[in-house]
Amino acid sequence: MNELIASVLAAGELICEFQAGYKRSLIADLVEPQRAEFLLVYESVQSTQAQVVSTRKPGRKPVRVYTTEKAVHLVEDVGASVMVTTLTSCTKWKYKHGEDVCVRFAAQHGWSFDTVSYEKEPDAVLARRPSGAYTGTCEPWKLE
């Protein structure tokens, strides 16, 4: 198990915020910080499943978890499509109880009609994700 997967599973719960990169301009980024478009809270994150609560829709939804050497993919079925949050790296560490712990993950969020490929090769689907996908970060719900 690589360090990214171990950190995500150790966190157990994640809170994620995402921005729509395609709605911003360079000048806007220089003048003011970008605000979150929506938040996701992932609960009970395990090696194959989790649950998600979104600011976009009511209720808790089941999520499938796929781990690879490059990323952790959290896949929510939405009819004939999927909403996918992908954690790609740790961007901030904190020294806690004698070891470094990841406290911020780089993340992407997107919508896909390719519901089958995530089970076979999730990283290939990530490579095909459009450049307009939401970008953001996820952090463990409990830092202490």
Side-chain angles (χ1 to χ4, degrees), residues 1-24 26 28-29 32-144:
M1 181 181 310
N2 72 24
E3 198 169 347
L4 176 65
I5 296 168
S7 296
V8 171
L9 295 178
E13 296 179 335
L14 301 167
I15 183 165
C16 307
E17 67 175 17
F18 293 95
Q19 303 83 25
Y22 65 89
K23 291 184 178 180
R24 299 290 291 185
L26 178 60
D29 286 339
E32 64 181 42
Q34 194 170 358
R35 293 190 175 100
E37 292 278 326
F38 63 96
L39 299 174
L40 298 173
V41 177
Y42 288 97
E43 302 172 330
S44 304
V45 179
Q46 300 170 12
S47 61
T48 60
Q49 63 185 2
Q51 296 181 345
V52 65
V53 177
S54 172
T55 57
R56 292 180 149 183
K57 56 188 170 191
R60 183 175 285 113
K61 309 291 184 204
V63 173
R64 293 176 281 137
V65 177
Y66 297 101
T67 58
T68 67
E69 286 300 315
K70 296 181 181 180
V72 176
H73 306 270
L74 303 155
V75 181
E76 175 191 356
D77 292 310
V78 181
S81 63
V82 291
M83 298 297 290
V84 181
T85 298
T86 302
L87 308 177
T88 56
S89 65
C90 182
T91 60
K92 186 175 180 182
W93 296 88
K94 180 179 180 182
Y95 191 74
K96 179 178 167 183
H97 303 297
E99 63 182 358
D100 286 328
V101 176
C102 183
V103 295
R104 183 170 297 141
F105 302 94
Q108 294 182 9
H109 185 79
W111 184 27
S112 175
F113 289 99
D114 188 355
T115 60
V116 177
S117 295
Y118 277 102
E119 296 176 16
K120 297 176 183 174
E121 188 57 45
D123 288 338
V125 181
L126 174 64
R128 293 191 306 268
R129 187 171 292 163
S131 61
Y134 290 92
T135 58
T137 59
C138 295
E139 297 181 356
W141 184 262
K142 298 176 184 173
L143 292 175
E144 295 300 322

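Side-chain atoms are counted along with the backbone in the values below, which use heavy atoms only and exclude waters and symmetry mates.
For the pair Leu4 and Leu87, the tightest heavy-atom approach, listed with the atom from each and the gap, is CD2-O, 3.5 Å. Listed here is the closest heavy atom pair of Val45 and Ala50: CA-CB, 3.8 Å. Minimum heavy-atom separation, Asn2 to Thr68: ND2-O, 3.5 Å. Ala71 and Thr86 get closest at one heavy-atom pair: CB-CG2, 3.6 Å. For the residue pair Cys102 and Pro140, the shortest heavy atom distance occurs at O-CG, 3.7 Å. Of all non-hydrogen atoms in Gly98 and Tyr95, the two that sit nearest each other are CA-OH, 3.2 Å.
Not counting sequence neighbours, the partners of Lys57 by the salt bridge (Lys or Arg N to Asp or Glu O under 4.0 Å) test are Glu76. Scanning for side chain to side chain donor-acceptor pair (under 3.5 Å) contacts around Thr91 gives an empty result, with sequence neighbours left out. Checked against side chain to side chain donor-acceptor pair (under 3.5 Å), Ser89 has no partners two or more places apart in sequence or in another chain. For Asp77, the salt bridge (Lys or Arg N to Asp or Glu O under 4.0 Å) partners are Arg64, not counting sequence neighbours. Not counting sequence neighbours, the partners of Glu43 by the side chain to side chain donor-acceptor pair (under 3.5 Å) test are Arg60.
With rounding to the nearest 0.5 angstrom, the OG1 atom of Thr55 is 6.5 Å from the CG atom of Leu40. Taken from CG in Leu9 to OG1 in Thr67, the straight-line distance is 7.5 Å, to the nearest 0.5 Å. Between Leu14 atom CG and Leu74 atom CG the span is 7.0 Å, to the nearest 0.5 Å.
The shortest side-chain heavy-atom distance between Gln19 and Thr135 falls under the 4.5 Å cut-off. In this structure, the side chains of Thr48 and Val65 stay at 4.5 Å or more apart for every pair of heavy atoms.
Applying the ring-ring contact (aromatic ring centres under 6.0 Å, His included) test to residues at least two apart or on different chains, the pairs with a partner in residues 38-86 are Phe18-Phe38, Phe38-His109, Phe38-Tyr134.
For Thr137 (side chain) and Arg104 (main-chain N/O), no donor-acceptor pair under 3.5 Å exists by modelled atom type.
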